[in-house]
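Because the structure is predicted, anything quoted here is derived from the model rather than measured. Convention: sequence-line order gives letters A, B, ...; per-chain numbering from 1.
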Amino acid sequence: MNNLAHIWQSHRQAISILVMVFLLAFVGINQSWVLALSIFNLCLISAIMALGVNIQWGYAGLFNIGIMGFAALGGLSVVLISAPAVPVAVSAGGMNMLFALFLLLLSIVLSVYLSKHKYNKGWVVLSLVAGYFAMRYFYIDAAQAIEAVNPSKTGYLGGLGLPVPLAWLAGGLLAAGAAWLIGKITLGLRSDYLAIASFGIAEIVLYIIKNEDWIARGVKNVTGLPRPVPLEIDLQQSPWFEEMVLWFNQSSLSLLTEAEKTKALSILLSEYSVVFVKLCYSSLFLAILVALIIMANLAFDSPWGRKVRAIRDNEIAASAMGKNVKRQHLQIFVIGSAIVGIAGALLVTYTGQFTPNSYQSLRFTFLIWVMVIVGGSGNNFGSVIGAFFIWFFWVESTPMGLWLAETVQNFAGTDNGVSAFLQDRAHFFRYIFMGLIMLLVLRFAPGGILPEKDKKL
Amino acid sequence: MKINKILGVTFVVSLSSMALVNAKSVNIGSLQALTGPLESLIVHMSASADIAAREASDSGKFLGGTLINVARADSRCIEADVAVAEAERLINGEKVIAIMGPNCSGATTAVVNNVTVPNGVVTISPSATSPALSTIEDRGFFFRTVSSDARQGQVIANIAIQKGIKTVALTYTNNDYGKGLSNTFVAAYEKLGGKISISAAHEDGKADYSAEVAALSASGASVLAVFGYVDQGGKGIVQASLDTGAFDSFIFADGMISDNLTKLGAELNGSWGTIPSNGGIADEKWQKVAKANGVKIGGPYLGESYDAMALIVLSAQAANSTDRMALKAQVMKVANAPGEKIYAGELAKGLSLLAQGKQIDYVGASNIEFNAVGEVQGAYKEKLIVNEQFETIDIH
Amino acid sequence: MPSFDNILNAFILLSNFVLLPALTYGAQLALGALAVTLVYSILRFANFSQANNMAFGTAMAILLTGFFQSQGWTISGFPTALLVIPLAIVITIICLLLTDRWVYRYYRINNAKSITVVMVSIGVMFIMGGLVQLIMGPEQQIFADGARFIWTAREFKTFSGLSEGLALKTSQLTTILLALLAVGLVFYFLQKTKVGKAMRAFSDNEDLALLSGINPDKVVFTTWLLVATLTTIAGVLFGLDKGFSPLQYHLLLLPVFAAVIVGGIGSPLGAIVGAFVISFSEMLLTYAYKKFFIYLLPTSLEPDSLLQLIGTEYKYAVSFVILIIVLLIKPTGIFKGKVL
Amino acid sequence: MIEIVNLSKHFGGIHAVDGVNLTIEQGSITGLVGPNGAGKSVLFNLIAGLYPPTQGNIIFAGEDISTLSADQRFHRGILRTFQIAHEFPTLSVLENLMMVPANQLGERLGNTWFKRKAIVLEEKNNQEKAEEVLDFLQISSLKNEKAGNLSGGQKKLLELARTMMTDAKVVLLDEVGAGVNRTLLKQIGTAILKLNEDKGYTFCMIEHNMEFISRLCNPVVVLAKGKILTVGTATEIKNNEAVIDVYMGKGQH
Amino acid sequence: MTYLTGKNLFAAYGAVPILRGCSVGVNRGELAVIVGPNGAGKSSVMKALLGLLPSKGEVLLNGKDISALSTQQRISLGLAFVPQNNNVFPTMSVVENLEIGAFLRHDDYQTTLDEVYTLFPILFEKRRQLAGQLSGGQRQQVAFGRAMMTQPTVLLLDEPTAGVSPIVIDEIFANILALKEANKAVLMVEQNAQQALSIADKGFVLVAGKNAHTGTGKALLSDDKVRRDFLGG
């Protein structure tokens, strides 16, 4: 036992990767490889999101529980950038809306100017409120005009129709912009207050997205968003793809008769196209994740990282040593949120639709926190591992709950009231699983699976 | 590329195992929003679908005595990404021949676009009513046993005008269903000369609806249209309206029609609503089946759920195969005329007819007749609350 | 000048649609917020599982109500749920004490950072939420029995001869009375009794409290006792008024926290004031004042529009905007809260 | 160098610093003494910018710095050490020193990705400088130790070492000698004098050890109850009746 | 053997040793003073005696080993402590602060309360005010009063005169002497070493967590080495 513990201590990283690979392979063999790939892809997106939160929490101690809002903003930007424009709506209300937004921006700039120059906070709020009402005057007509354009299909301005990767970048920028604004307002608050304020602001962001249909159809959802990879159906009909599939399966197909071969080929084509598309996504997401981790690690191993750690160790002393603590916190808040925004954008691209109602705090805020805590706060790779494990359990909890119910059933018999009850409610075990995992980790491995490394020069 | 090769080999293995399957049992997916905002409605829908599967399986006539196993998955309604993963699990893991579900329009769009169309699997949703689904690029793999909300909005507007209601206050649940329905209703109603005094969304699952009711009441209308869910904010709105005496006359859309609503008391007598269904013999037969199987009737989309599952079973029988493509080709034929009419509870008869190579016209619980895009052009029952009970008084 | 009747009508209108519901909702929030604030000031962490604890207490009350009804142990006209509240409170106390014993105690003994305990409470939130869903299922449950109204709006109209009615529900009356009683008792307990003073002392200065011979375990025990009691009462009152479903209770977390923060976290009085600030601002800002002004203004000035400041869609956003404005102007809440 | 004009700081009802007027001359080593709670540390915090003053101004080299933040004052050349050492515990001793120089190239996020080479060079220079400082204070052996693991006295040395990493103009030393053994204290005293003479640092130090103060400081300022009691040389202070009353206690002389 | 004895105390904050085998003791009717440079562990000795700081070594009260007891149990045996900082309950009134002092008493504490008021008349005047609104000196008096409310046999005072005006200092010292006369054991840590040692029966000079010098107050005051090293003379 001691020996095992020792091996675990010295090879935490390798072992946890191995376990994760094993789990995915288990799904691949027992359920399906497509599902394993699909879990893998969402693990990657979750990992990016957890990375953003880890940067805020692990490196700066910022307790942000408004993750959901930033993810939603990232998703929104996919609509704004990559969806096709709705020309009728643009001509109906585009100009007025633009002017309204300009007014809002003006009032924000004004209030920032006022607060910079130490005016009373009341004036700052007043200028924002005044700007809001001025904006509203132009906005109402514009919104009505836009939303009246074929409401069951469009009813919004549409996007710019630009390439998808630009939308991801924009997702990061939009979230960063919001984070900058929020950080300016709330970073002066202490941790509990910051947490609740960020929670509240995330809700406000979502209320706006849900109710302002002209932006992205509100709760009516935008579906069929463009993808950066080919459609499966198109692949199935392209000759090069067919050739590739044939080449891969030369040996096994040659055993079949012609008729069987055609049928088998069509099934193979559909399966291969699904896998191919998923692999395309995997490589895109993996590339982004790896790039972000490399960038983060470069930053944290540099004097910048030293400054960040010094501030986390002792804010007062760091400030007395000439480090601007508030600006540093703001920078980290913005960067972390931008990464969450990128992840949000990737997610929307991956599912191909923007559904504001899907942004729920349990799924987009607390679940991500579980990932960060379980993975190991302060360790970038840890949060990635945490994201993988937790997402895996989140998705697989329904089959696991069913399996549990079945086991009870096998044990206690079908007529038993308990097994029927469990069968019915099996899917609720997922919250209990999550809570248990979190409590056990916090108690017995407070540093997480991969605790923060001891930094050396 | 190595991994691809490994995957390829597995596929061939799975393929051959499928060809060799000795037709003793098949899996049909039931992709339901078991958790999430609609979880309380879904329980009964899922149970209704199970009746159809059980009925066919127990009859012993399905594909020569093949048993049907319902593979359950949780589409979670609002978590499109999980819905996608679960659909993938059903298709590739459980090897289902087709999927009944999902429920919510958002999850349905995601599943159809990302999973079932690329994989070539039929999906039949019992409750996704978004008008946008009519034009989704489904390549013939997506069906729904409900009609688009575009129709219901029109129907409600017509009835309201007939009843001489000139002004209504409107509240809808803030999701694609509520908003879509309210859009179509407002357009139709205003075209007919009605006036919407206020149109306000309400969030489901929130603590308190007094403010919404206060605003609705202040608009001066005496009739309130509620397009929401009975176990969610919709009931909160109605209850708060009754409590404050703000409204005592209501119009309900399908999500509100339930015994849970009439429990609120005698004040609701005289309010009315619509629910998809042609009524008549199809409905009577379904009610009997439901009662016999212990499913609580009265909620929305129950017959539709039964029909979705029944259609999958019958189509597989018609194709005489568990092949997904073959099944797809049969759905329209089974659902539409010509052929002998098959109602709820008569699946055994339908299965035998199909086995004999005869044609059937599945009517089912909700008068199924698919239009060109694979959705029903259904009619709606007008239901009036009399003596604290919903009574069907007309069909539109 | 509007007639006296019209002024009365306007006032009754406002009371019926805004004041009374806001008072009721505020009272329900206040009890929950008080529980959060007690935990914060004495056990020193923001308890994210509060809303789910409320759901648990209510679930127990519902199960007991069902049992009592099946045994015929009811009083006609009186909500059975109120009869079983003491029992439900006892079960909730046991549950919370066990949670403390198995979960929170470890962190208290090891002097864990407050933020770690917050994370732990999020874990507890998941478990409690799942547990309640598992036990109760997802469906909404109405467990209020007895008479629903003290008087209805219609009865009020007939009685008063006014054109506006003011309905008074049994649940509203019980909520306001019981909340008043509970809050009064808690304040009496904290201000006047020896144990209450010991709790306040512990909250003020833990080390000094130890040095005065105050047993920390007893303080913790009493705190959970109070918290469980408030939690259960808040949950049951809310459920009697609006029905019970687990998800709905989970969503209560935000308004409860908003109330606590607006009032000043750690300040019992602040929690109550904060709760009413939240409930009244939600109602007052989203109310359409058209009818109200029709009563008060001469016909010539009758308003055309609804006179609604903000659409009800933004009702919940309103409370957060207020929360953030309060934080900007008074960063520790209306009643200076604590910072741990 | 620093001119303090009518400076006050109130915490609730407590007047921690109450209308202090004081000038710290360039190149001087000013001692600040007084009983506990006299407001010495608060005065330091006000000068360093960790608290905003309730009232009054601080003028540094002709500029009113009262509203500047702590980090801005650092950049003007005002450094403060702490009575209870404020080290960065998870950073090594070397890192504790290397983080001090202001406006490092590598502290800008963008540079950490795009100017790796320049950063490496800069780091090398900073490390050399840090090692020099450690050599000077004869604690090179500790350079890779985590600062959190140092003893109290060693942390005090680290505080002093940090002030040597930058071109400070005024260094505020808060009980740099407390908890430091006699040999080390002598060494610190020598270092302070050397920095004062060679590099022209201005020092202001809070200290209880009168011997240490006598050796280094002129003038000595006595603070009591937030007010300045008297200013003079160490000898003058020791013989001042009022000072003996509130601070040194009766019966000493 | 003294009434309250701490023998061979060892303690550490994390990895940093703070007490390294020091011993202190005080008898009833006696005033003992602990002096020494900052960081010598003076306050830690008090905390170790009270059980607030986990420590090794023996703590004896009236010959009984109390080192295994909790703080609360030690308080109930007659120990009382007045800390230097954070020594009041800020959001409670003065009278409530004093009542908390009597938390473990079941008898009528009105007489003791009157005694405190006689000793510190200002407290009677401000008895309804929140302790957090008082000045530093007044808080010190509240803390002092609170400790007296427990009717202790041993009083541990952590720098009772810090931040208090010279006139009050004399008064406090007078009160401490009065307590001593009332047969209480008084042990205090004092920064104001000259004055403290001049009235103390016994003095302990601590350096780096160890006893450097021990003796009567007078003897220590006249010891040149002690004076030079620690008393700043």
Side-chain angles (χ1 to χ4, degrees), chain B residues 33-44 169 171-172 174 179 197-221 229-237 239-248 258 260-261 263-265 267 296 299, chain C residues 13-14 16-18 20-22 24-25 28-29 133 137-140 142 148-149 152-154 156-157 164-169 171-172 238 241-243 245-252 254-256 279 282-292 294 306-308 311-313 315-316 318:
Chain B
L34 297 170
T35 56
L38 291 193
E39 53 192 24
S40 56
L41 292 175
I42 302 297
V43 183
H44 307 297
T171 180
Y172 53 89
N174 204 11
K179 194 138 200 175
S197 66
I198 182 174
S199 163
H202 62 261
E203 293 288 328
D204 278 332
K206 290 294 185 182
D208 185 84
Y209 295 100
S210 316
E212 282 85 348
V213 169
L216 291 167
S217 148
S219 75
Y229 300 108
V230 66
D231 280 348
Q232 289 286 343
K235 188 159 112 196
I237 293 272
Q239 191 174 350
S241 304
L242 294 175
D243 288 349
T244 53
F247 296 94
D248 48 15
S258 156
N260 269 353
L261 186 69
K263 270 187 211 153
L264 284 177
E267 295 104 313
K296 204 170 91 184
Chain C
L13 178 77
L14 207 62
N16 191 32
F17 285 109
V18 178
L20 195 57
T24 318
Y25 180 43
Q28 289 152 358
L29 283 185
Q133 274 186 315
E139 279 188 76
Q140 207 198 25
I142 304 284
R148 199 145 68 91
F149 288 98
T152 64
R154 205 168 293 155
F156 183 88
K157 281 188 217 173
E164 287 299 327
L166 173 64
L168 183 64
K169 286 195 292 175
S171 61
Q172 286 175 326
F238 182 80
D241 200 27
K242 280 138 193 157
S245 78
L247 203 67
Q248 189 182 352
Y249 270 64
H250 172 72
L251 294 174
L252 263 180
L254 267 176
V256 165
S279 69
E282 275 184 12
M283 305 281 177
L284 286 172
L285 286 174
T286 55
Y287 184 62
Y289 287 94
K290 183 179 177 187
K291 230 171 159 185
F292 180 73
I294 288 178
L306 287 172
L307 294 180
Q308 196 178 14
T312 47
E313 303 90 282
K315 183 173 95 172
Y316 300 97
V318 165

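- What you find for B/A211 and C/K315 is that their closest heavy atoms are CB-CD, 3.4 Å.
- Neither the backbone nor the side chain of B/T171 has a heavy atom closer than 4.5 Å to any heavy atom of chain C.
- Scanning both residues, C/T286 and B/A215, for their nearest heavy atoms gives O-CB, 3.8 Å.
- In this structure, chain B has a heavy atom under 4.5 Å from the side chain of C/A153, while its backbone stays farther away.
- Closest approach of B/A201 and C/E313 over heavy atoms only: CB-CG, 3.9 Å.
- A distance of 10.0 Å separates CG of B/D204 from CD of C/Q248, quoted to the nearest 0.5 Å.
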Run the side-chain contact (heavy atoms from CB on, under 4.5 Å) check on B/S210 and C/M283 step by step: do they pass?
CA-CA 8 Å; B/S210 316; C/M283 305 281 177; 3.6 Å; yes
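- To the nearest 0.5 Å, atom CZ of residue C/F149 and atom CG of residue B/L242 are 7.0 Å apart.
- With a threshold of 4.5 angstrom between heavy atoms, C/F238 approaches chain B through side-chain atoms but not through N, CA, C or O.
- Note that CD of B/E203 is 10.0 Å distant from OG1 of C/T312, once rounded to the nearest 0.5 Å.
- C/Y249 does not touch chain B: none of its heavy atoms, backbone or side chain, sits under 4.5 Å away.
- In plain terms, the two heavy atoms of B/T244 and C/N16 that are nearest each other are O-ND2, 2.7 Å.
- No part of B/K263 comes within reach of chain C, as not one of its non-hydrogen atoms sits under 4.5 angstrom from that chain.
- Contact of C/Q308 with chain B is made through the side chain alone, with heavy-atom distances under 4.5 Å.
- Using a 4.5 Å cut-off between heavy atoms, C/F156 does not touch chain B at all.
- Residue contact with chain C, scored on non-hydrogen atoms closer than 4.5 Å, involves the backbone and the side chain of B/D243 alike.
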If you apply the rule side-chain contact (heavy atoms from CB on, under 4.5 Å), what do you find for C/T152 with B/E267, and how did you get there?
CA-CA 11 Å; C/T152 64; B/E267 295 104 313; 5.6 Å; no
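- For the set C/H250, C/Q133, C/K242, the entry with the most heavy-atom pairs within less than 4.5 Å of chain B is C/K242.
- Per-residue counts of heavy-atom pairs under 4.5 Å with chain C were compared for B/S217, B/A240, B/G233; the largest is that of B/S217.
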